[in-house]
Amino acid sequence: MNVEVRLFATFRNGRFKKKNIEIVENETKVKDLLNELGIKEEEIALIIVNGMHSNVDRKLEEGDTLALFPPVAGG
Amino acid sequence: MYGYNGKYLRVNLTDGQIKVEDLNEELAMKFIGGRGLGTKMMMDEVDPNVDALSPENKLMVMTGPLTGTPAFTGGRYMVVTKSPLSGTIASSNSGGFWGAELKSAGYDAVIFEGKSEKPVYLSIEDDKVELKDASNLWGKYVSETTKELTKDAPKGTKVLAIGPGGENLSKIAAIMNDEDRAAGRSGVGAVMGSKNLKAIAVKGTGKVKVHDEAKLKELTKEKLAKIKENGVTGEGLPTYGTAVLVNILNELGSLPTNNFQKSQFNGGEEISGETLAEKYLIKNTACYRCPIACGRYVKMDDQEVGGPEYETLWAFGADCGLDDMKAIIKANYWCNEVGIDTISAGSTIAAAIELYEKGFIKEEELDGLKLEFGNGASIAEWVKRMGHREGLGDKMADGSYRLADGYGKPEFSMTVKKLEMPAYDPRGVQGQGLTYATSNRGGCHVRGYLVSPEILGLPEQLDRLSSEGKGTWGKIFQDLTASIDSLGMCLFTSFALGAEDYADYYNAICGTEHDANSILEAGDRIYNIEKLFNLEAGIKPEEDTLPKRLLEEVIPEGPSKGNVSKLSEMLPKYYAERGWTKEGIPTDEKLKALGLK
Ligand code: SF4
């Protein structure tokens with residue numbers, strides 16, 4: 001099954017902005033994907049799935065959009 | 001006194017008299033400085049019902065006790081006056097170097113009264129303080145004015161000035177310092193213009209006295225480590241500035257688009273912090289003693305100019321349906337030159353576009369300039385027309401409320417108390433809607449930035465779509481902000497520091513005996529006195545609200561689809577937290593407890 005992964009800020013360095021990634025059954029949690037992306041759990045500040053805040057244990061489904069942000073801020 | 005200089009300047013522009021007065025120590029202890037002390041002095045000296053642009057209003061340029069000390073980010077000053085835009089108390093904060101320079105010259109504040117007959121500027125070189133003719137500067141842009149005033153002045157002179165926006169009494173005019181830093185909001189530039197005061201040039205050679213130097217060194221080391229270790233202040237802000245928020249808010253469907261008609265923008269990536277960094281960034285810039293350096297210098301054709309902040313990218317970008325970074329950089333540049341607030345300017349253009357699209361503004365009023373969502377070619381030109389009050393720009397120069405109201409459609413103005421709201425849709429960030437509605441200066445994000453817990457998860461993640469607990473969070477954030485603003489440090493430090501850190505710093509520098517609770521209590525006191533000023537100025541409690549669009553029209557698409565603001569659920573709990581009546585009026589009991597009665 002396919003999910004769309006969007007990376008932001010420094011996570012883009014040496015990776016990509018947006019990519020469809022195929023994931024295999026039984027390895028559908030957000031944290032299963034991190035290995036493949038080469039991103040450590042503790043580097044992540046925000047996990048957004050389909051526009052809502054989420055976490056590494058979230059199970060992904062076909063067609064989901066996953067966005068990952070390192071610590072950032074503004075105002 | 002330590003931290004404070006213990007004296008300030010009082011300049012009567014009507015008769016040209018300049019006096020040095022002693023700071024009231026008791027009041028300084030109670031209201032800290034900057035925003036707090038300024039509001040108290042406004043309360044004592046000015047009738048809140050005064051016409052904001054009349055000589056009877058006063059313009060108080062205030063610093064805090066930590067301004068100009070070795071405290072990091074201690075470069076801030078605050079303009080306190082009555083706002084011509086909202087009719088509320090105005091306190092507009094700015095960084096850069098100007099505030100610290102005023103402290104080095106030996107003053108905690110400059111208070112302007114009356115009105116000069118001719119354009120003047122104030123020149124301060126330590127104890128040599130003079131009003132000088134500014135006829136040749138009147139009409140000049142901010143950068144030109146700054147260059148003129150530093151040309152023959154002692155090296156290191158810092159300039160605060162208005163541009164044509166303030167001179168023309170635009171109710172969204174800013175006061176600029178160090179060329180591209182702005183005390184942007186609430187129309188404080190118009191108050192300066194109404195007094196025929198073009199600029200203040202300051203050079204100081206003194207040093208602010210610190211209570212406990214050794215302790216301060218130790219604390220600075222400790223607090224700096226916190227700033228560096230924190231992901232936001234140590235890495236996020238230095239690398240991307242505030243602009244990195246564009247993609248986050250857009251992902252969450254809470255980036256107001258086309259005058260808040262939608263909340264997700266297709267062109268988000270084009271106007272994002274990532275794009276700004278990749279294609280336009282030249283270098284970071286920092287204010288006085290700031291380790292964070294969130295400022296940006298960017299390319300504009302072959303020039304190097306101050307870069308747009310997140311709010312500005314949103315105001316001219318998503319809110320005007322514009323995905324053209326170059327055009328936004330230009331609009332930002334012209335706001336800085338004519339001296340008008342980028343948030344109010346962008347939001348007013350967005351409202352004008354909607355008024356035109358729906359047939360209220362007529363073609364013949366445009367004088368041939370396009371007024372449409374997504375049109376990058378015309379946007380900087382609209383900014384200039386506002387600054388110079390040309391054509392339709394004349395009506396737009398007083399902000400979106402007066403513009404829309406003039407066409408019988410005030411509901412197209414996305415304002416609270418006539419001040420334009422910034423870049424977070426209250427329907428998708430519920431608590432932020434509460435702090436917009438209850439902010440004492442109107443629609444503003446830096447009076448209780450609940451975006452921090454609701455969007456960024458700092459200090460903990462709250463559910464952005466729920467009204468639960470937001471009253472409590474709102475009050476704490478508002479109170480802490482009021483204290484930080486009054487101390488003279490930058491609000492961005494609060495991503496890494498808490499109330500006790502500010503108390504430590506304040507104590508080491510000024511010899512005070514604060515703790516986290518008393519810092520929050522001082523903030524509460526400041527919040528209440530601001531509210532009292534507003535009530536006396538005739539601002540009604542029921543103006544603690546949001547535009548009808550946000551209360552009644554659901555977000556039409558995207559991840560926050562179907563939501564309206566739950567303000568009516570949050571307000572009663574917020575008022576209860578504040579110890580106010582359910583109508584939102586401070587009780588006698590509360591005021592007594594805070595020493596305000
Ligand atoms: S964090 Fe940014 S705005 Fe604040 S003092 Fe530093 S450079 Fe200035």
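- Other residues, nucleotides and ligands place more than 12 heavy atoms under 6.0 Å from the NZ atom of B/K226.
- When heavy atoms are compared at a cutoff of 4.5 Å, B/E454 approaches chain A solely by way of its backbone atoms N, CA, C and O.
- Residue B/E269 touches chain A through its side chain alone, counting heavy-atom pairs closer than 4.5 Å.
- Comparing B/I455, B/V451, B/L465 by how many heavy-atom pairs each has under 4.5 Å with chain A, the most go to B/I455.
- Inspection of non-hydrogen atoms places A/R12, A/K17 of residues 11-20 of chain A under 4.5 Å from chain B.
- The two atoms that bring B/Y240 and A/T10 nearest to each other are OH-N, 3.3 Å, heavy atoms only.
- Checking side-chain atoms of A/H53 against main-chain N and O of B/D463 turns up no donor-acceptor pair under 3.5 Å.
- When the heavy atoms of residues 38-51 of chain A are compared with those of chain B, the residues falling under 4.5 Å are A/L46, A/I48, A/N50, A/G51, listed by number.
- Annotation: B/E468, atom CD; neighbour count of heavy atoms from other residues, nucleotides and ligands within 6.0 Å does not exceed 12.
- Residue A/F69 touches chain B through its side chain alone, counting heavy-atom pairs closer than 4.5 Å.
- The two residues A/A9 and B/E274 make their nearest non-hydrogen contact at N-OE2, 2.9 Å.
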